[in-house]
Amino acid sequence: MFPDYLNVPAQALGRGTPVKVHVLGDMLSLGRDLAEAIKAEILAAKAAGRGATLIIPVGPVDQYPLLARMLNEERISCRNVVFIGMDEYLDEQDAWLTAGHPLSFRGYLNRMFYDRLDPALAPPPEHRVFPDPRDLTAVPQLIAARGGVDACYGGIGITGHIAFNEPPAPDAPMSAEAFAALPTRVLTLTCETRTINSVTVGGELSIIPHRAVTVGMKEILGARRLRLYCNRPWQSSVARRVLHGPLTATCPASLMRTHPDATLTVADYVAKPPDIQLR
């Protein structure tokens with residue numbers, strides 16, 4: 001009655017795919033792992049005599065206060081690091097929400113990460129980048145100038161999206177290859193994404209924006225390392241569809257199986273098969 005991939009047990013997640021799967025404990029343990037991973041990339045690039053270039057999400061979010069504390073305590077400079085935020089909500093004029101807006105991803109990163117860093121260690125404003133709806137070529141050009149992205153971090157959405165790379169509409173099908181080549185762009189969010197995102201605001205769907213700008217699949221899959229994290233109970237089914245369902249544009253994160261160095265880290269409760277029954 002249901003897709004076979006929903007029955008994959010925790011110990012078999014990722015088996016038969018090139019994706020490495022790590023199962024950790026609670027939500028905080030995933031935040032700590034992600035903070036450590038970002039710190040390690042910063043240090044590795046520094047050891048190579050350059051600054052890291054990283055694509056980072058707002059979702060998951062627990063890592064940022066932890067990362068700021070680590071960098072401050074260990075006196076690790078981010079002056080030469082470029083952080084590229086994955087995506088941002090747009091207003092009705094297709095402009096960024098102001099950084100002071102409660103739903104702004106730029107504002108969140110300011111409050112929970114950049115503003116918590118010692119100013120002597122923090123990246124300068126020009127290294128705190130988000131895709132700009134007024135100049136969609138800016139991020140790809142920056143990535144090229146920096147010699148590529150060292151690592152891309154992110155979560156997986158209810159539609160299987162990475163960043164806000166929503167699957168194509170049913171009446172406009174697209175091959176996996178064409179979808180993987182999509183660049184940074186502006187788009188309309190699906191009703192599914194807006195609905196699940198409304199959970200963070202008490203279920204008030206009306207205040208979730210309809211439009212967004214996102215780093216493209218081209219930039220994400222072009223990163224040297226791809227590190228995705230699932231820390232929400234409802235991601236149990238999504239993670240299985242990504243790893244063991246069809247490799248298709250209708251589940252964008254399934255394309256991580258085409259990446260040469262991809263890891264999916266999940267909480268232990270996400271690793272458990274979904275309990276499908278009426279209650």
Side-chain angles (χ1 to χ4, degrees), residues 53-61 64 82-114 123 125-146 148-149 151-169 172 174 178-198 200-201 205-223 226 228 249-253 255-256:
T53 303
L54 307 172
I55 296 176
I56 60 173
V58 174
V61 296
Y64 291 116
V82 167
F83 294 97
I84 302 171
M86 275 189 155
D87 44 21
E88 177 61 293
Y89 284 129
L90 302 179
D91 64 19
E92 294 178 355
Q93 287 72 49
D94 272 356
W96 280 334
L97 297 185
T98 65
H101 192 289
L103 298 181
S104 168
F105 296 164
R106 290 159 38 252
Y108 185 89
L109 277 181
N110 286 340
R111 294 189 304 273
M112 303 306 290
F113 182 43
Y114 299 131
E126 62 269 22
H127 286 185
R128 310 173 188 185
V129 179
F130 272 80
D132 188 342
R134 302 164 303 177
D135 185 2
L136 296 172
T137 64
V139 164
Q141 289 173 353
L142 173 63
I143 290 172
R146 298 276 296 186
V149 173
C152 173
Y153 303 94
I156 300 176
I158 193 71
T159 64
H161 65 249
I162 310 176
F164 275 142
N165 287 283
E166 297 277 31
M174 185 179 297
F179 193 82
L182 289 175
T184 297
R185 65 201 185 282
V186 169
L187 74 165
T188 299
L189 299 173
T190 63
C191 62
E192 293 88 352
T193 292
R194 293 183 62 248
T195 300
I196 199 69
N197 286 4
S198 75
T200 65
V201 293
L205 180 60
S206 68
I207 67 175
I208 302 297
H210 289 265
R211 299 276 282 172
V213 61
T214 185
V215 167
M217 292 298 295
K218 182 177 181 180
E219 290 79 42
I220 290 170
L221 294 174
L226 180 58
L228 301 184
T250 61
C251 181
L255 272 64
M256 75 183 300

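One-based numbering along the sequence shown. What you see below is based on every heavy atom in this structure, not just the backbone, and it leaves out hydrogens, waters and symmetry mates.
Between atom CG of residue Asp87 and atom CD1 of residue Ile162 there is a gap of 11.5 Å, rounded to the nearest 0.5 Å. To the nearest 0.5 Å, the span separating OG on Ser104 from CZ on Arg111 amounts to 7.5 Å. The distance from the CG atom of Leu103 to the CD1 atom of Ile207 is 5.5 Å, given to the nearest 0.5 Å. The structure places CG of Leu221 at 6.5 Å from CG of Leu226, a figure rounded to the nearest 0.5 Å. Remark: Phe164 CZ to Asn197 CG distance equals 5.5 Å, nearest 0.5 Å. The distance from atom CD1 of Ile220 to atom OG1 of Thr214, rounded to the nearest 0.5 Å, is 5.5 Å.
With Glu192 contributing its side chain and Ile158 its backbone, the two residues share no donor-acceptor pair below 3.5 Å. The backbone N or O of Leu97 lies less than 3.5 Å from a partner atom in the side chain of Arg106, making a donor-acceptor pair.
Judged as a ring pair (Phe, Tyr, Trp, His ring centres under 6.0 Å), and not counting sequence neighbours, Phe130 has no contacts. Judged as a side-chain contact (heavy atoms from CB on, under 4.5 Å), and not counting sequence neighbours, the contacts of Thr137 are Asp135, Gln141. Residues meeting the salt bridge (Lys or Arg N to Asp or Glu O under 4.0 Å) test with Asp91, sequence neighbours left out: none. By the salt bridge (Lys or Arg N to Asp or Glu O under 4.0 Å) test, Arg211 pairs with Asp94, sequence neighbours left out. Remark: Ala151 pairs with Glu41, Leu54, Tyr153, Arg225 by the side-chain contact (heavy atoms from CB on, under 4.5 Å) rule, at least two apart or across chains. The side-chain contact (heavy atoms from CB on, under 4.5 Å) test applied to Pro123 returns Cys78, Phe83, Tyr114, Leu117, His127, Arg128, not counting sequence neighbours. Under the side-chain contact (heavy atoms from CB on, under 4.5 Å) criterion, Val61 pairs with Val58, Tyr108, not counting sequence neighbours. Residues passing the salt bridge (Lys or Arg N to Asp or Glu O under 4.0 Å) test with Arg194: none are found, sequence neighbours excluded. In terms of the side-chain hydrogen bond (donor to acceptor under 3.5 Å, both in side chains) criterion, Thr98 has no residue partners (sequence neighbours excluded). Every residue two or more places apart in sequence or in another chain was checked for a salt bridge (Lys or Arg N to Asp or Glu O under 4.0 Å) with Glu219, and none qualifies.
The stretch residues 151-164 participates, sequence neighbours left out, in no salt bridge (Lys or Arg N to Asp or Glu O under 4.0 Å) pair at all. Identified under the side-chain hydrogen bond (donor to acceptor under 3.5 Å, both in side chains) test for residues 155-168, with sequence neighbours left out: Thr159-His161, Thr159-Glu166, His161-Glu166, His161-Thr193, Asn165-Arg185, Glu166-Thr190, Glu166-Thr193.
Within 6.0 Å of CD on Glu92 lie no more than 12 heavy atoms contributed by other residues, nucleotides or ligands.
Taking the side chain as every heavy atom from C-beta outward, Ile56 and Leu109 approach each other to under 4.5 Å. Using a 4.5 Å heavy-atom threshold, the side chains of Thr250 and Phe179 count as separate. Looking at Thr184 and Pro140, their side chains come closer than 4.5 Å, going by heavy atoms from C-beta outward. With contacts defined as side-chain heavy-atom distances shorter than 4.5 Å, the pair Val213/Asp132 does not qualify. Here the side chains of Met86 and Cys152 are in contact, with some heavy-atom distance below 4.5 Å.
The residue from Val149, Ile143, Leu142 that alone fulfils the side-chain contact (heavy atoms from CB on, under 4.5 Å) condition with Val82 is Leu142.
The two residues Pro131 and Gly85 make their nearest non-hydrogen contact at CD-O, 3.0 Å. Between Ile156 and Ala253, the shortest heavy-atom distance links the atoms CG2-CB, 4.0 Å. Nearest approach of Pro133 to Ala95, heavy atoms of both residues: CG-CA, 4.4 Å. Across all non-hydrogen atoms, the minimal contact from Pro57 to Gly59 is CB-O, 3.4 Å.
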